[in-house]
*Asks:* 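Would you mind keeping the following structure in view while I ask a few things?
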Number of protein chains: 2
Amino acid sequence: MNDISLLAYALLGLLQQEPRSGYDLRKIFASTPMGTFSDSPGAIYPALERLGKRGLVRSRIEETSGLRRRRLFRPTAAGIRAFKTWQTKTIVREDVIHSVDELMLRFSFMDETGSAAEARRFLKGLKSELGGYIPNLRRYLAKNSPDMPLSGRLAVESGIRGYETLFRWAKTAMSAYSKRKRRGTRR
Amino acid sequence: MNDISLLAYALLGLLQQEPRSGYDLRKIFASTPMGTFSDSPGAIYPALERLGKRGLVRSRIEETSGLRRRRLFRPTAAGIRAFKTWQTKTIVREDVIHSVDELMLRFSFMDETGSAAEARRFLKGLKSELGGYIPNLRRYLAKNSPDMPLSGRLAVESGIRGYETLFRWAKTAMSAYSKRKRRGTRR
DNA sequence: TATTACATGTAAGAAGTTACATGATTAG
DNA sequence: CTAATCATGTAACTTCTTACATGTAATA
């Protein structure tokens, strides 16, 4: 009942940056690294409609333009709350196994909708879960290697290396936040 | 009409290793790194049913067991053909942007259902597409960095590092196949 | 005797895909 | 005049999720 799709959270995050139309959002998905999301109108317009029905966004028709009417969306207070709740959830093992994309989406909006302390808490949690999970994968591979074909072993190795890279990234990200804190700068 | 879901391809690949029941397949998804797929009965049994209707797998009831009856599935000739066609498709830019998981699934069965030459061809294609795409991402980040918040920059950086890791993996995988070729060994 | 593991399935609903439909304005 | 870009939407279909339903055998 109260579950919101990943796409819907992405929309909610982007709308917190500035009010945008469905078309604006489609363009972002079509032309930036956020392009992991679908830019199809059949995904975006119904998703905005649903967010509206749940009271998480509201919209008004922009009238100034000479082109066809644009409908500009912005999050409501409830929408901002829902986003924040999602963004600051505790990271669990399940997240690193099945939802790394979701974790990165949460993090990518951290500066705009959260505090530096929340970013650091997020990175700490991520490091902790990865630190617990990676050895499991290594153990699995060591144990089952003899029975696996080369391609299977390599595929698992690829997954592990991806997690290791993420772990190292979390460390550098953490130190970037520490540096910023010491210098007291923004951006 | 003739599109087959990723889950269905995973099932088809596993059934080529040996005949298995729906429950066997669920256990694999529940307890191995293939666990990125859902182990829910509501996903697997209907998927097997669909594969059956399309003539890609056939099943028979195993009678020897004392437990509740098991239905064992195995791919048909058409199923093996469909899998192979999918597995050896040319890798395009779109694949590295939206379907890295699918690429790894294709590769993971390469030794069992394809030849070493196909594995090498796959890795060559992957390297080539990544080699073309990664600089795009780097350029995007360099250009847009000034306007992005720290968390946004770091999120993009994480994605790039993931692709770079995959690129390095493809090189080591390639050399693993070269080594095996020289030695003439298997496994 | 109660729980766990084995084992297969269905039903309702959510959300995405592809394809289609519509319409205005500007650039060539 | 034609194509491209801006802009919003709908409909049919597919597939997955969650939850329920059923039943057997072994184990604690």
Side-chain angles (χ1 to χ4, degrees), chain A residues 1-12 15 19-31 34-54 56-57 59-73 94 98-99 101-102 105, chain B residues 1-12 15 19-31 34-54 56-57 59-73 94 97-99 101-102:
Chain A
M1 196 106 287
N2 60 337
D3 60 41
I4 298 170
S5 74
L6 199 54
L7 172 63
Y9 279 119
L11 298 175
L12 224 32
L15 294 177
R20 300 183 206 257
S21 67
Y23 193 74
D24 290 337
L25 294 161
R26 288 183 61 201
K27 272 190 302 181
I28 290 171
F29 295 146
S31 66
M34 289 205 75
T36 48
F37 293 99
S38 165
D39 68 332
S40 94
I44 289 173
Y45 291 104
L48 288 168
E49 211 54 47
R50 285 193 299 272
L51 285 171
K53 271 183 196 148
R54 294 182 202 186
L56 304 179
V57 301
S59 65
R60 61 178 169 73
I61 308 294
E62 196 190 34
E63 35 216 305
T64 43
S65 69
L67 289 170
R68 187 176 171 176
R69 89 219 174 273
R70 279 158 53 86
R71 214 174 128 191
L72 282 181
F73 292 85
E94 173 64 16
H98 286 111
S99 334
D101 286 353
E102 180 169 348
L105 183 69
Chain B
M1 197 106 289
N2 59 338
D3 60 41
I4 297 170
S5 73
L6 199 55
L7 172 63
Y9 279 118
L11 297 174
L12 224 31
L15 294 177
R20 299 183 206 258
S21 67
Y23 193 75
D24 290 337
L25 294 161
R26 288 183 61 201
K27 270 190 304 181
I28 290 171
F29 295 146
S31 66
M34 290 204 76
T36 47
F37 292 100
S38 163
D39 68 331
S40 93
I44 288 172
Y45 290 105
L48 288 169
E49 211 55 48
R50 286 193 298 272
L51 285 171
K53 271 183 196 148
R54 294 182 202 186
L56 304 178
V57 301
S59 66
R60 60 177 170 73
I61 308 294
E62 194 191 35
E63 34 215 305
T64 43
S65 68
L67 289 170
R68 186 174 172 177
R69 88 218 174 275
R70 277 158 53 86
R71 214 173 127 191
L72 281 181
F73 292 84
E94 174 63 17
I97 299 176
H98 286 112
S99 333
D101 286 353
E102 180 169 347

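Every heavy atom of this structure was used, including side-chain atoms; hydrogens, water molecules and symmetry mates were not. Numbers restart at 1 for each chain; the letters A, B, ... are given by sequence-line order, proteins then strands.
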*Asks:* Whole-Å distance between C:dA12 P and A:D3 CG?
*Replies:* 19 Å
*Asks:* In chain order, what residues pass the side-chain hydrogen bond (donor to acceptor under 3.5 Å, both in side chains) check against A:R26, with sequence neighbours excluded?
*Replies:* none
*Asks:* Hey, does A:R50 reach any base, or is it just sugar-phosphate, or nothing, if we go heavy atoms under 4.0 Å?
*Replies:* sugar-phosphate
*Asks:* Taking atom P of C:dT8 as reference, at what distance in whole Å does atom CZ of B:R26 sit?
*Replies:* 9 Å
*Asks:* Could you pull out all residues at least two apart from A:E49 that satisfy salt bridge (charged side-chain N to carboxylate O under 4.0 Å, His left out)?
*Replies:* A:R71
*Asks:* Among C:dT10, D:dT15, D:dT10, find the nucleotide with the atom closest to the side chain of B:R54.
*Replies:* D:dT15
*Asks:* Can you name the residues that form a side-chain hydrogen bond (donor to acceptor under 3.5 Å, both in side chains) with B:D101, not counting sequence neighbours?
*Replies:* none
*Asks:* Would you give the length of the straight line joining atom CZ of A:F73 to atom CG of A:L12, rounded to the nearest 0.5 angstrom?
*Replies:* 12.0 Å
*Asks:* Between protein and nucleotides 19-21 of chain D, what N or O pairs are separated by less than 3.5 Å?
*Replies:*
none

*Asks:* Measure from CZ on B:R69 to C1' on D:dG23 and round the result to the nearest Å.
*Replies:* 9 Å
*Asks:* Under the ring pair (Phe, Tyr, Trp, His ring centres under 6.0 Å) test, which residues partner A:F29, sequence neighbours left out?
*Replies:* A:F37
*Asks:* Could you state the CZ-P distance from A:R20 to D:dC6, rounded to the nearest angstrom?
*Replies:* 15 Å
*Asks:* What integer distance in Å separates B:L6:CG from C:dT17:C1'?
*Replies:* 15 Å
*Asks:* How many whole angstroms separate atom CG of A:L11 from atom C1' of D:dT8?
*Replies:* 15 Å
*Asks:* What is the separation between atom CD on A:E49 and atom P on C:dA15, rounded to the nearest whole Å?
*Replies:* 14 Å
*Asks:* Which whole-number value in Å describes the distance from A:K53 NZ to C:dA15 P?
*Replies:* 11 Å
*Asks:* Which residues pass the side-chain hydrogen bond (donor to acceptor under 3.5 Å, both in side chains) test with B:S21, not counting sequence neighbours?
*Replies:* B:D24, B:R70
*Asks:* Under 4.0 Å, counting only non-hydrogen atoms across every strand here, what does A:R71 touch: a base, just sugar-phosphate, or nothing?
*Replies:* sugar-phosphate
*Asks:* If the cut-off is 4.0 Å, is B:S40 near the phosphate of D:dC16, judged by side-chain N/O to OP1 or OP2?
*Replies:* no
*Asks:* Counting only side-chain N and O atoms of A:R70, is one of them less than 4.0 Å from OP1 or OP2 of D:dA7?
*Replies:* yes
*Asks:* Look at the side-chain N and O atoms of A:S5 and state whether any lies under 4.0 Å from the OP1 or OP2 oxygen of C:dA14.
*Replies:* no
*Asks:* Give, for atom CG of B:L51 and atom CG of B:L15, the distance between the pair rounded to the nearest 0.5 Å.
*Replies:* 8.0 Å
*Asks:* With respect to the phosphate group of C:dT8, does any side-chain polar atom (N or O) of B:Y23 fall under 4.0 Å of OP1 or OP2?
*Replies:* no
